[in-house]
Amino acid sequence: METQFQRDEIIKFITDFYGDNPEYLWAKTPDYAVFRHQTNQKWYAIIMTIPYDKLGVKKEEMVDIINVKCDHIMMGSLLQENGFYPAYHMSKTHWITIALDGSVNTQKIKTLIDISYELTDVKIKKHPLS
């Protein structure tokens with residue numbers, strides 16, 4: 001099943017690359033996997049399984065998705081591409097949903113995870129005179 005393969009590949013990428021293990025926080029949705037920074041505890045990705053119709057797609061089946069934080073400038077162009085949707089259950093201004101059904105190249109998803117990781121990382125403020 002393509003969707004399960006892509007989900008597993010993304011989880012392995014995050015675990016291997018960032019060293020962050022998925023957190024399964026809710027008993028009612030035991031397959032929802034949250035990834036957060038160890039330093040500031042901010043989420044940078046969440047993987048869920050939802051009905052396609054929650055994304056506005058007229059399909060009966062379920063789909064794995066990942067929500068990542070995204071630069072609002074990129075959001076408009078991404079939403080024009082197949083497999084990208086306004087964020088499910090998150091701020092639609094700062095987050096985007098990506099279907100893990102093979103419609104989006106895995107490498108592109110990894111790049112967007114990297115962006116999300118950077119956007120949610122601890123920012124070091126520089127002194128204005130330095």
Do side-chain atoms of N67 reach the backbone of Y88 as a donor and acceptor pair under 3.5 angstrom?
yes
Tell me whether the centres of the aromatic rings in F35 and Y18 are closer together than 6.0 Å.
no
With side chains defined as the heavy atoms from C-beta onward, is the minimum distance between E81 and L78 less than 4.5 Å?
yes
Distance-only, no hydrogens or angles: does the Q6 side chain make a donor-acceptor pair with backbone N or O of D64 under 3.5 Å?
no
Residue that, paired with F13, satisfies side-chain contact (heavy atoms from CB on, under 4.5 Å) out of T106, I109, D114:
D114
Against T120, only a single residue in H37, K69, K42 fulfils side chain to side chain donor-acceptor pair (under 3.5 Å); can you say which?
H37
Nearest heavy-atom approach of Y24 to A33 is CE2-CB, 3.6 Å
Answer yes or no: is there a side-chain heavy-atom contact under 4.5 Å between I66 and I113?
yes
Residues L79 and P86: closest non-hydrogen pair is CD2-N, 3.5 Å
Mark yes when over 12 heavy atoms from residues, nucleotides or ligands other than Q41 sit less than 6.0 Å from its CD; otherwise mark no.
yes
Could you give the distance from CE (M62) to CG (D53), rounded to the nearest 0.5 Å?
9.0 Å
T15 side chain to K12 main-chain N or O, any donor-acceptor pair under 3.5 Å?
no
More than 12 heavy atoms from other groups under 6.0 Å of NZ on K110
yes
In short, G83 meets S103 closest at the heavy-atom pair CA-OG, 3.3 Å
Does G19 offer a backbone N or O that forms a donor-acceptor pair with the side chain of Q38 under 3.5 Å?
yes
Report yes if some heavy atom in the side chain of K108 is under 4.5 Å from a heavy atom in the side chain of F84; otherwise report no.
yes
Using the side-chain contact (heavy atoms from CB on, under 4.5 Å) rule, pick out the option among L55, L100, I98 that qualifies with I65.
L55
Between CD on residue E23 and CH2 on residue W43, distance to nearest 0.5 Å:
9.0 Å
For K28, salt bridge (charged side-chain N to carboxylate O under 4.0 Å, His left out) partners two or more places apart
none
Do M48 and T29 make a side-chain contact, defined as non-hydrogen atoms from C-beta onward lying under 4.5 Å apart?
no
Please name the pair of heavy atoms, one in R7 and one in I47, separated by the smallest distance, quoted to 0.1 Å.
NH1-CG2, 3.3 Å
Pairwise side-chain contact, H89 with I50, heavy-atom cut-off 4.5 Å (strictly under):
no
Are side-chain heavy atoms of Y44 and I14 found at a separation under 4.5 Å?
yes
When every non-hydrogen atom of V68 is compared with those of W95, the smallest separation belongs to C-CE3, 3.1 Å
I96 to M75 - nearest heavy-atom pair and separation
CB-SD, 3.9 Å
